[in-house]
Amino acid sequence: MSSGRHKPDSATSKDTPKVVPKAVVSRLSLYLRELHHLIAAGHATTSSGQLGQQLGFRDAQVRRDLAYFGHFGQPGVGYRCDELVAAIRKILGTDREWRVAMIGVGNLGRALLGYKGFGSQGFRIVAAFDVDLAKTGQKIEGVPVFPLDDLPQMVRDQQIELGLVAVPATAAQHAADRLVAAGVSGILNFAPVTLNLPDRVSHVGVDLATELEQLCFSVANRRPEP
Ligand code: NAD
């Protein structure tokens, strides 16, 4: 995982501390998701209580988290949902399109290429790469698949900033090194291995198996209801 603290968005951070705990940034994504649900359900405004309720957070927690980034909402009115969505997207940097490369088009890579949700959240997978030449030269879910050697040129030509790594664990460091050398700024790694990358490249690991382990621990250690 990359650095656990983030600098707040300069446009909203005049009076705020210089660093924001990673947990706060994680909760922003949850607030954003909840806001989309509220908007879909016809809500134009919301409150910190309502926003936190479904997520299991207290209203004070929601207000404290948002206060890292400025002043939002109005007393007696609450937050306008569309304004808060725009503000959180600006803070997260997802108020614009991010161009993404997929490395590895096996089972997981193909499934991710088929996921339409990335597009609506501002992530556009513009090219995929694989070492298996039987998979290159075709389009999967509309995304062209190239040999790995084409990566530097495609990153340049397509202005790719982020890479998704969906290769076997034994190949993940190599794939990530190639992404770094090609010039991407961030990597989301699905392989069950910790990557060793330069500080200038942000990276996040996703591993459903470790999440399942956490779930098992929680279930196994659940105390009986009093
Ligand atoms: P897969 O074997 O079906 O596909 C891997 C693909 O990567 C193949 O097409 C292969 O040709 C390609 N490849 C191998 N080395 C490469 C390299 N150096 N550069 C580019 N492409 C390369 O595997 P899968 O089932 O799709 O799984 C992919 C990865 O995702 C594995 O590491 C797996 O453990 C992991 N995984 C993670 C999760 C999760 O929760 N994060 C879930 C499932 C799988």
Side-chain angles (χ1 to χ4, degrees), residues 1-98 111-112 114-123 162 164 186 188 190 202-226:
M1 200 70 77
S2 59
S3 119
R5 287 173 175 254
H6 300 250
K7 285 194 175 165
D9 181 87
S10 58
T12 56
S13 64
K14 276 191 220 108
D15 313 320
T16 56
K18 290 260 181 301
V19 289
V20 181
K22 185 170 171 289
V24 173
V25 180
S26 297
R27 285 195 291 271
L28 285 187
S29 292
L30 297 178
Y31 299 149
L32 190 56
R33 197 176 69 188
E34 193 55 30
L35 281 163
H36 285 306
H37 290 156
L38 287 168
I39 290 170
H43 295 267
T45 60
T46 187
S47 64
S48 48
Q50 186 181 39
L51 196 48
Q53 190 182 27
Q54 280 293 103
L55 299 165
F57 302 141
R58 290 175 191 278
D59 52 349
Q61 173 84 73
V62 175
R63 285 197 299 273
R64 224 175 16 247
D65 288 347
L66 293 175
Y68 272 100
F69 305 97
H71 303 286
F72 303 98
Q74 287 169 23
V77 179
Y79 308 103
R80 280 199 56 89
C81 292
D82 53 354
E83 285 177 10
L84 196 52
V85 163
I88 294 178
R89 291 190 68 169
K90 187 164 190 285
I91 293 163
L92 293 173
T94 55
D95 57 340
R96 64 160 174 104
E97 182 181 88
W98 289 82
L112 293 172
Y115 176 54
K116 304 290 175 243
F118 290 135
S120 60
Q121 286 174 275
F123 304 105
L162 304 178
L164 306 181
L188 185 61
F190 290 95
S202 302
H203 56 110
V204 170
V206 180
D207 188 345
L208 294 183
T210 59
E211 299 294 333
L212 278 170
E213 280 170 3
Q214 301 298 307
L215 179 64
C216 286
F217 178 84
S218 169
V219 170
N221 292 282
R222 188 178 284 277
R223 286 173 199 267
E225 297 273 330

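Heads up: numbering here begins at 1 and tracks the sequence.
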Could you report the tightest heavy-atom contact between [X] and [Y], atom names first, then the distance?
{"X": "Y68", "Y": "V24", "result": "CE1-CG2, 3.8 Å"}
{"X": "N221", "Y": "F217", "result": "ND2-O, 2.6 Å"}
{"X": "R27", "Y": "D65", "result": "NE-OD2, 2.6 Å"}
{"X": "V62", "Y": "S48", "result": "CG2-O, 3.7 Å"}
{"X": "F72", "Y": "L66", "result": "CE1-O, 3.3 Å"}
{"X": "Q50", "Y": "T45", "result": "OE1-O, 4.0 Å"}

* Could you give all pairs that pass the salt bridge (charged side-chain N to carboxylate O under 4.0 Å, His left out) test and reach residues 68-86, with sequence neighbours left out? ->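 Residue pairs with at least one partner in residues 68-86: R80-D82, R80-E83.
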Please report the interatomic distance [atom1]([X]) to [atom2]([Y]), rounded to the nearest 0.5 Å.
{"X": "C81", "Y": "H37", "atom1": "SG", "atom2": "NE2", "result": "12.5 Å"}
{"X": "L30", "Y": "L55", "atom1": "CG", "atom2": "CG", "result": "5.5 Å"}
{"X": "Y31", "Y": "I88", "atom1": "OH", "atom2": "CD1", "result": "8.5 Å"}
{"X": "Y79", "Y": "Q74", "atom1": "OH", "atom2": "CD", "result": "11.5 Å"}
{"X": "R89", "Y": "I91", "atom1": "CZ", "atom2": "CD1", "result": "12.5 Å"}
{"X": "F57", "Y": "L51", "atom1": "CZ", "atom2": "CG", "result": "9.5 Å"}

Hey, does [Y] have a side-chain heavy atom less than 4.5 Å from the side chain of [X]?
{"X": "L92", "Y": "S29", "answer": "yes"}
{"X": "L162", "Y": "L188", "answer": "no"}
{"X": "L208", "Y": "F190", "answer": "no"}

* To do: May I ask you to check whether over 12 heavy atoms, not counting those of R96, lie within 6.0 Å of atom CZ?
  =>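 Check passes, neighbour count above 12.
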